[in-house]
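Read the structure below first, then the notes.
Worth knowing before you read on, the calculation uses all heavy atoms, side chains too, and leaves out hydrogens, waters and symmetry mates. Numbers restart at 1 for each chain; the letters A, B, ... are given by sequence-line order, proteins then strands.
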2 protein chains.
Amino acid sequence: MTDFTTYTAVQHQGALPAIPDLETRATGDEDQDTRLWLRMLSCCNLIENEVRSRLRTEFQTTLPRFDLMSQLTQAPKGMKMSELSRLMMVTNGNVTGITDQLEREGLVERLKDARDRRSSLIRLTAKGKRTYRKLQQAHESWIQSLLGGTAPTTRETLFDLLGELKHATYARLPAC
Amino acid sequence: MTDFTTYTAVQHQGALPAIPDLETRATGDEDQDTRLWLRMLSCCNLIENEVRSRLRTEFQTTLPRFDLMSQLTQAPKGMKMSELSRLMMVTNGNVTGITDQLEREGLVERLKDARDRRSSLIRLTAKGKRTYRKLQQAHESWIQSLLGGTAPTTRETLFDLLGELKHATYARLPAC
DNA sequence: TATTGTTATACTCTATAACTATA
DNA sequence: TATAGTTATAGAGTATAACAATA
């Protein structure tokens, strides 16, 4: 094993350009699982960084805020904080913080749950729905322009195989 | 289009368990690119959250610090800050901050570049190399246990297709 | 003038833990 | 006792911008 030969350099020699990212740290002797992981991570980071940057500069918002609003579109009657916390995989305290921001801007509202006075239900306001629609459309066009270079068969196969991988991985998380 | 039917629920009905994550926000009417993106993102987040958590609890460190050390293993004679910044895709100021932390702990050292006195070269110390080796071994075993449930043919195909996607996406980034 | 790296600042996200109110 | 949500705290990462030293 040579610790200092980059995997990227080996694979791309004379053909494809080297991409500066996480994957360049692969050294050629990783096991196959690690190579797959680093490659998937670098794909995600390329896109995620771009999306975060555009959400910030074009809409003055963030991915977690977009995510929270997105979750709420599926619960027109409102969603409990604890449910949001579970779906977003962050702690209750963090959901409170993000909700506070969105509430101050009039994008979501807290409703009292009559059946359990400890709980509140969060839902999008009319303004929040309008705002989300714009965000979602912009997001979709960004993704299309970033991924549009991928062949449809590649995309479909990837989608299916990532589904397999996701479920295999999920089942192996200690928390499950 | 129905805005409130979750894609996850539709796809998994009666077969696979619903996984609480970003992908649950898909509503069934996204275009194929967006569906692929959300699925890839949720795969990454499942693994990344687990890795971040274990780096913190088991090694009191973080992914960017691990990443920086990892980049340095490929430059035994040292790497410039600006090169690190480019590879890690973060700003110079942030590389300075992470380097400061690692230097305080004796894991990396700054060397003066005789040819350009503005620059410094960063490299792993002996202690840093030992620490990195432990981290890398733990990381590899975590990934193997998380991805080990994936069939080898699935893994190989994913690896190749993600390579395609990565290069197609990279070419479409505005910054390029 | 441009580049390398540092410093300062402000902000978001995150985890942890203590706390209140309710069940 | 347990649960839902809030608050407080501390820390990390990030972007932006001003700055010094050097090229």
*Please determine if a side-chain N or O atom of B:Ser119 lies less than 4.0 Å away from the OP1 or OP2 oxygen of C:dG5.*
yes
*asked:* What is the distance, to the nearest angstrom, from the CE atom on B:Met88 to the C1' atom on D:dA12?
replied: 13 Å
*Closest-nucleotide ordering on DNA chain C, the 5'-leading residue of B:Gly97 and A:Gly93*: B:Gly97
*D:dA4, C:dT7, D:dT14: which one has an atom nearest the side-chain heavy atoms of A:Lys80?*
D:dA4
*Between the side chains of A:Glu164 and B:Thr154, is a donor N or O closer than 3.5 angstrom to an acceptor N or O?*
yes
*Rounded to the nearest Å, what distance is computed from the CG atom of residue A:Leu55 to the P atom of nucleotide D:dA15?*
14 Å
_Any heavy-atom pair between the side chains of B:Leu68 and B:Gln101 that's under 4.5 Å?_
no
_Both A:Thr57 and A:Met79 contact DNA chain D. Which one's nearest nucleotide lies toward the 5' end?_
A:Met79
_If we check side chain to side chain contact (heavy atoms under 4.5 Å, CB included) with A:Arg52, which of these qualifies: A:Arg54, A:Glu50, A:Glu48?_
A:Glu48
*What is the distance, rounded to the nearest whole Å, between atom CZ of A:Arg104 and atom C1' of D:dT6?*
14 Å
*Write down the distance between CD (B:Gln60) and C1' (D:dA10), rounded to a whole number of angstrom.*
16 Å
_Looking at A:Thr96, I'd like to know whether one of its side-chain N or O atoms comes within less than 4.0 Å of OP1 or OP2 on D:dT6._
yes
*Heavy atoms, side chains only, cut-off 4.5 Å: are B:Leu102 and B:Leu124 in contact?*
no
*Counting any heavy atom closer than 4.0 Å, what does A:Ser53 reach on the DNA or RNA strands: base, sugar-phosphate only, or nothing?*
nothing
*Can you tell if the side chain of B:Met81 reaches within under 4.5 Å of the side chain of B:Ser119, non-hydrogen atoms only?*
no
*To the side chain of B:Asn94, which of D:dA15, C:dT14, C:dT6 is closest?*
D:dA15
*With a cut-off of 6.0 Å (strictly less than), are more than 12 heavy atoms of other residues, nucleotides or ligands near NZ of B:Lys77?*
no
_Without decimals, in angstroms, what is the distance between B:Leu102 CG and D:dG13 C1'?_
14 Å
*C:dA15 P sits how many Å from B:Arg54 CZ, rounded?*
15 Å
*asked:* Counting only side-chain nitrogens and oxygens, does B:Ser120 get under 4.0 Å of the OP1 or OP2 atom of C:dT4?
replied: no
*asked:* Ring of A:Phe159, cation from B:Arg39 - is the NZ or CZ under 6.0 Å from the centre and inside 45° of the axis?
replied: yes
*OP1 or OP2 of D:dT6 sitting under 4.0 Å from any side-chain N/O of A:Asn92?*
no
*Whole-Å gap separating P (D:dG13) and CD (B:Glu48)*: 12 Å
_Phosphate OP1/OP2 of C:dC11 contacted by A:Gln101 side-chain N/O (<4.0 Å)_ = no
Using the 3.5 Å cut-off, write out each protein N or O paired with an N or O of nucleotides 21-23 of chain D and the distance between them.
residue : atom : partner  : partner atom : Å
D:dA23  : OP1  : B:Arg117 : N            : 3.0

*Would you say A:Ser82 reaches D:dT3's phosphate, i.e. side-chain N/O to OP1/OP2 under 4.0 Å?*
no
*Establish, from distance only, whether the side-chain atoms of A:Asp31 and A:Thr34 form a donor-acceptor pair under 3.5 Å.*
yes
*Interatomic distance where CG belongs to A:Leu68 and C1' belongs to C:dT12 [whole Å]*: 14 Å
*NA contact type, B:Arg52, heavy-atom cut-off 4.0 Å: base, sugar-phosphate, or nothing?*
nothing
*Which nucleotide in the list D:dA15, C:dT16, D:dT6 gets nearest to the side chain of A:Thr91?*
C:dT16
